[in-house]
There are 2 protein chains.
Amino acid sequence: MKYSSSKENYIKAIFHLQQEENVVSTNGLARALSTKPASVTDMLKKLKTQKLLQYQPYKGVKLSAEGKKLALQIIRKHRLWEYFLVEKLGFGWEEVHEIAEELEHISSKKLIERLDIFLGLPKTDPHGDPIPDGQGRMPLIEQTSLLELPHNIPAKIVSVSNQSTSMLELLRHNKIGIGTKLSIIRRFEFDHSLEISITGQPFITISEQLAANLYVSYDATGKP
Amino acid sequence: MKYSSSKENYIKAIFHLQQEENVVSTNGLARALSTKPASVTDMLKKLKTQKLLQYQPYKGVKLSAEGKKLALQIIRKHRLWEYFLVEKLGFGWEEVHEIAEELEHISSKKLIERLDIFLGLPKTDPHGDPIPDGQGRMPLIEQTSLLELPHNIPAKIVSVSNQSTSMLELLRHNKIGIGTKLSIIRRFEFDHSLEISITGQPFITISEQLAANLYVSYDATGKP
DNA sequence: TATTTTTTTTAGATTTGTCTAAATAAATAT
DNA sequence: ATATTTATTTAGACAAATCTAAAAAAAATA
Ligand SMILES: [Mn+2]
Ligand SMILES: [Mn+2]
Ligand SMILES: [Mn+2]
Ligand SMILES: [Mn+2]
């Protein structure tokens, strides 16, 4: 079955919102898609007849098994294209989301399988997010919030949960990216900001808000 | 300015049809786009208000300077993606047109410039067609006699030197014309006849005399 | 030239995806 | 429990791109 870009965007947005709250609201979806609640209701009815989701008026929406499968295919395409753009074409990791938003709707199945091989079967995209395999299986990546990282323990950034342009701009300014190695020097009581040390650079201080969106992996016994 | 995929397909089709006959007919366009003449008339009116073409009812259509520029941008994208698919992802040259038909509508200008550089600024696509540069200039492709075409190199008939009735009759019988895409499978020593493969048709054998009158273009840029 | 055929346009519908404004249901507060 | 606020759906409209059937113009033929 082939679906319009618009429908695919809905399915993907529902999938992501479902990670937070088990059932997705009309307003939440409208916000995520920058559209109006009335439009969402219209579309949900169409997607329901196509059996991509379960929907009862006023009761919210949940993806069906088929809907989840479709969502994972789109996410796979999105993340593989992002990887291509950064690793092969030299884009910055903050520029690629918008372009991948279009590329993810290219329909050829064979294209994406060959792209995957060409890229060397990457496990994560440039933002550290896992790339589902051809069967829609997501590799598990253990990660903890930077807020929970103990002091003076070397750690490595593995993902960034907020991928807004403004956030990515701030990260770039602070020279923080996926794979950046750092440790926490101290925490300030007043505003909970963190002084951190990035390998080979002077100490900087980042806000609690920023730290909350950074996820790291580390070795509890001392090595990242 | 950004245009829908549908509009871009119209502009591209008009551009190609214009190569043959200076003014393009509603029916011809409908045939090329696998749509109905009534739909073409509707669209031509819209494209006219956008100043992409000159159109007077019953008088056919011609691209404006702006329309031509747009067409060349789309053709550039189409051919660069085809090159990518064949050279980087290992697709066969007969599989890529359909996929490029979608990829050509991805809007990022920066993407296509970086792709061009990544591919090594290729001059022709896998079918031997020239790739317009960023300013919409088409590189001149040297044309050679079919006799001089190396084996297994995709090429396109660009001219026919003998235009006698008998010659054209033979060409029609063999379904060969301007624009026909082919490659040489083998050359027979005995009479120097050529076995050739025409896209989408069974192999045929043609005489040396016929081949001597067919001129082709192909990508001569150093590839094996 | 008159007639017939072909080409093109117009009229009126349809589908998809969106919107605003109004109605209704659900949740919250008094 | 009633009133108010918030969330959601419905009603009706619109733009884009398409279609079929009918009308009109242009071209070809007799
Ligand atoms: Mn998208
Ligand atoms: Mn990403
Ligand atoms: Mn296309
Ligand atoms: Mn081509």
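Here the structure is a predicted model, which means the values were calculated and not measured.
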- Message: With a 4.0 Å cutoff (strictly under), does any side-chain N or O of B:S39 reach OP1 or OP2 of D:dC19?
- Response: yes
- Within the structure shown, what part of the strands sits under 4.0 Å from B:T26 by heavy-atom distance: base, sugar-phosphate, or nothing? sugar-phosphate
- Rounded distance (Å) that lies between atom P of D:dA15 and atom CE of B:M43: 16 Å
- Task: Just call it for A:Y3: base, sugar-phosphate, or nothing, with non-hydrogen atoms closer than 4.0 Å on any strand.
- Result: nothing
- Rounded distance (Å) that lies between atom P of C:dT20 and atom CG of A:D42: 13 Å
- By nearest-nucleotide position on DNA chain C, the 5'-leaning member of A:Y10 and A:P57 is A:Y10
- Message: Between A:S4 and C:dT16, is there a contact of a side-chain N or O with OP1 or OP2 at under 4.0 Å?
- Response: no
- With respect to the phosphate group of D:dT6, does any side-chain polar atom (N or O) of A:N27 fall under 4.0 Å of OP1 or OP2? no
- Message: Tell me the interatomic distance from B:Q50, atom CD, to D:dA17, atom C1', rounded to whole angstroms.
- Response: 13 Å
- Could you tell me whether A:L121 atom CG has more than 12 heavy atoms of other residues or ligands within 6.0 Å of it? yes
- Item | Phosphate OP1/OP2 of D:dA16: any B:S6 side-chain N/O under 4.0 Å | no
- Task: Grab the OH-P distance between B:Y58 and D:dA23 for me, whole Å please.
- Result: 13 Å
- Task: For B:Y55, answer base if it contacts any base atom (sugar-phosphate contacts may also be present), sugar-phosphate if it contacts only those atoms, and nothing otherwise; contact means non-hydrogen atoms under 4.0 Å.
- Result: sugar-phosphate
- Message: Is the shortest side-chain heavy-atom distance between A:Q73 and A:L70 below 4.5 Å?
- Response: yes
- Task: Just say parallel, tilted or perpendicular for the rings of A:F118 and B:F84, cut-offs at 30° and 60°.
- Result: perpendicular
- Message: From CG of A:L29 over to P of D:dA7, roughly how many Å is that when rounded to an integer?
- Response: 15 Å
- Query: For B:K46 and D:dA15, what is the distance between atoms NZ and P respectively, to the nearest whole Å?
  - Reply: 12 Å
- Message: Please classify the nucleic acid contact of A:P37 as base, sugar-phosphate, or nothing, using heavy-atom distances under 4.0 Å.
- Response: base
- Message: Students often get this wrong, so: under 4.0 angstrom with heavy atoms, is B:K7 touching a base, only sugar-phosphate, or nothing?
- Response: sugar-phosphate
- Just call it for A:T41: base, sugar-phosphate, or nothing, with non-hydrogen atoms closer than 4.0 Å on any strand. base
- With no hydrogens and no angle check, is any side-chain donor or acceptor of B:S64 less than 3.5 Å from a backbone partner on B:K51? yes
- Send over the distance from A:E8 CD to C:dG17 P, rounded to a whole Å. 11 Å
- Neighbour count >12 (heavy atoms, 6.0 Å) for atom NZ, A:K88: yes
- Within the pair B:S25 and C:dT7, is there a side-chain N or O less than 4.0 Å away from OP1 or OP2? no
- When the distance from NZ of B:K59 to C1' of C:dT8 is rounded to whole Å, what number comes out? 14 Å
